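Any value given below was found using the heavy atoms of this structure, including those in side chains, with hydrogens, waters and symmetry copies removed. Position 1 is the first residue of the sequence, and the numbers go up from there. As the structure is a prediction and not an experimental result, all values here were calculated from the model.
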Amino acid sequence: MDSVLTSRQERERNFYNKYAQKNNSAYKTVDISPMEKIQRGLEMRPWNSYWSIYSLAINNYFKEAKLLDFGTGPGKNALRFASIGYKVNGFDISEENIKIAKKLFKENNKEANFDITAAESLPYENNTFNMVIGVDILHHIDIEQSLLECRRVLKKNGIAIFREPVEVPILDKIRNTKIVKYFFPKHYSLENHITHDESKISRQQELVIKKIFPNTKKHYFLLFARFDKFYRKNSSPKASIIEKIDYYIFKLFPFMKKYAGAVIYEFKK
């Protein structure tokens, strides 16, 4: 990484270097089955935000398409995108994450290019990628500068997709009360995967997003399913019944979308 990091970027880098080392063993295998099921038409989960990301990647794929995994982490999603057929580039601010990603691709006989860099200053030429996908990354970085870089490297008519947690003023006000934070802390924690500076996407930040990408489409998730994490294991391969309920609530009662806890932003250049 050639550029000088800001204090925020340095904190993110240090956190993810430690987090990658702590969880190294968890990245030895990657579940590719969602991609295979979607591609073969065996199963679709439009109520699940991560499966929806995969569906959008599959539906927009064409031969020789180039994809940038925006904040690749240990490369698990990059491997999934490569399994579709994309020519994948990935970047991350953590050199430990990039080491894991490279090893993961080597062990799975897949090819990709990985760079150690910050999202706010990308080393790619203008109009390079047909698709840019970021999963849970914007709420860790400078959104305006990072999305300007995203737009710069995206080809004309290219698509960018980001899955992010979003702020719900009423619910987050309750979440941030002292008594709730006492029982459910939200401070820096390697165990709970919480960095120093992360924060949910706010209404003000959405205005910045729409200024950079006026042609923005939003997909809504997590109404009641935001409580899945209290009784359901993240590694469970089974579909969440509550996610399904949320999906149909949003369809039947569109006004409830303002209470969604996660959004997929779909941008077109």
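The pair Lys200-Glu164 does not meet the salt-bridge criterion, since no charged nitrogen lies less than 4.0 angstrom from a carboxylate oxygen. A salt bridge links Arg13 and Glu95; the closest N-O separation between the charged side-chain nitrogens and carboxylate oxygens is under 4.0 Å. A salt bridge does not link Arg203 to Glu167: none of the charged side-chain nitrogens sits closer than 4.0 Å to a carboxylate oxygen. Taking the charged nitrogens against the carboxylate oxygens, Glu10 and Arg8 have no contact shorter than 4.0 Å, which rules out a salt bridge.
Checked by atom type and distance alone, the side chain of Arg226 pairs as donor or acceptor with a backbone atom of Leu223 at under 3.5 Å. The main-chain N or O of Lys110 is never found under 3.5 Å from a side-chain atom of Asn108 such that the two would form a donor-acceptor pair. With hydrogens and angles ignored, the 3.5 Å screen pairs no side-chain donor or acceptor of Ser121 with any backbone N or O of Ala118. Between the side chain of Thr216 and the backbone N or O of Phe267, no donor-acceptor pair lies under 3.5 Å. A distance-only check finds a donor-acceptor pair linking the side chain of Gln9 to the backbone of Thr6 [under 3.5 Å]. Checked by atom type and distance alone, the side chain of Glu243 never pairs as donor or acceptor with a backbone atom of Ala225 at under 3.5 Å. No donor-acceptor distance shorter than 3.5 angstrom exists from the side chain of Gln145 to the backbone of Asp142, with no hydrogens or angles considered. The main-chain N or O of Lys66 is found under 3.5 Å from a side-chain atom of Asn130 such that the two form a donor-acceptor pair. Between the side chain of Lys269 and the backbone N or O of Arg151, at least one donor-acceptor pair lies under 3.5 Å. Side-chain atoms of Asn89 do not come within 3.5 Å of backbone N or O of Leu68 as any donor-acceptor pair.
At least one side-chain heavy atom of Pro165 sits less than 4.5 Å from a side-chain heavy atom of Arg163. Looking at heavy atoms from C-beta onward, Tyr86 lies out of side-chain contact with Arg80 at the 4.5 angstrom threshold. Within the 4.5 Å cutoff, the side chain of Leu104 has heavy atoms near those of the Val30 side chain. Residues Lys87 and Leu67 have side chains not in contact (no heavy-atom distance under 4.5 Å, counting atoms from C-beta outward). Residues Phe221 and Ser52 form a side-chain contact, since some pair of their non-hydrogen atoms from C-beta on lies under 4.5 Å apart. With a 4.5 Å cut-off on side-chain heavy atoms, Glu125 and Thr128 count as touching.
When Asn77, Asn59, Asn48 are each tested for a side chain to side chain donor-acceptor pair (under 3.5 Å) with Tyr54, only one passes: Asn77.
The distance between the ring centers of His219 and Tyr247 does not fall below 6.0 angstrom. Within the 6.0 Å centre-distance limit, the rings of Tyr188 and Phe15 are counted as a close aromatic pair. Less than 6.0 angstrom separates the ring centroid of Phe70 from the ring centroid of Phe162. Ring centroids of Tyr220 and Tyr259 are separated by 6.0 Å or more, keeping the two rings apart.
The CG atom of Asp136 sits 8.5 Å away from atom CD1 of Ile53, with the distance rounded to the nearest 0.5 Å.
Other residues, nucleotides and ligands contribute over 12 non-hydrogen atoms within 6.0 Å of the NZ atom of Lys218.
Looking at every heavy atom in both residues, Phe213 comes nearest to Lys268 through CD2-O, 4.3 Å.
No side-chain N or O of Glu149 forms a donor-acceptor pair with one of Tyr124 less than 3.5 Å apart. Using a 3.5 Å distance cut-off with no hydrogens or angles, the side chains of Asn17 and Ser94 do pair a donor with an acceptor. For the 3.5 Å distance criterion, the side chains of Asn176 and Lys186 qualify, holding a donor opposite an acceptor. In this structure, a donor-acceptor pair under 3.5 Å is absent between the side chains of Thr195 and Asp197.
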>> Does Phe91 form a ring pair (Phe, Tyr, Trp, His ring centres under 6.0 Å) with Phe114? I'd like the steps, not just the answer.
In response: CA-CA 5 Å; Phe91 74 86; Phe114 291 102; over 10 Å; no

> Given the rule in the side-chain hydrogen bond (donor to acceptor under 3.5 Å, both in side chains) test, do Asp115 and Thr117 qualify, once you have shown the distances and angles that lead to the verdict?
Replying inline: CA-CA 6 Å; Asp115 296 283; Thr117 188; over 6 Å; no

>> Quick one, Phe227 with Ile242, criterion side chain to side chain contact (heavy atoms under 4.5 Å, CB included). Give me CA distance, side-chain angles, the key distance, then yes/no.
In response: CA-CA 9 Å; Phe227 302 112; Ile242 302 181; over 6 Å; no

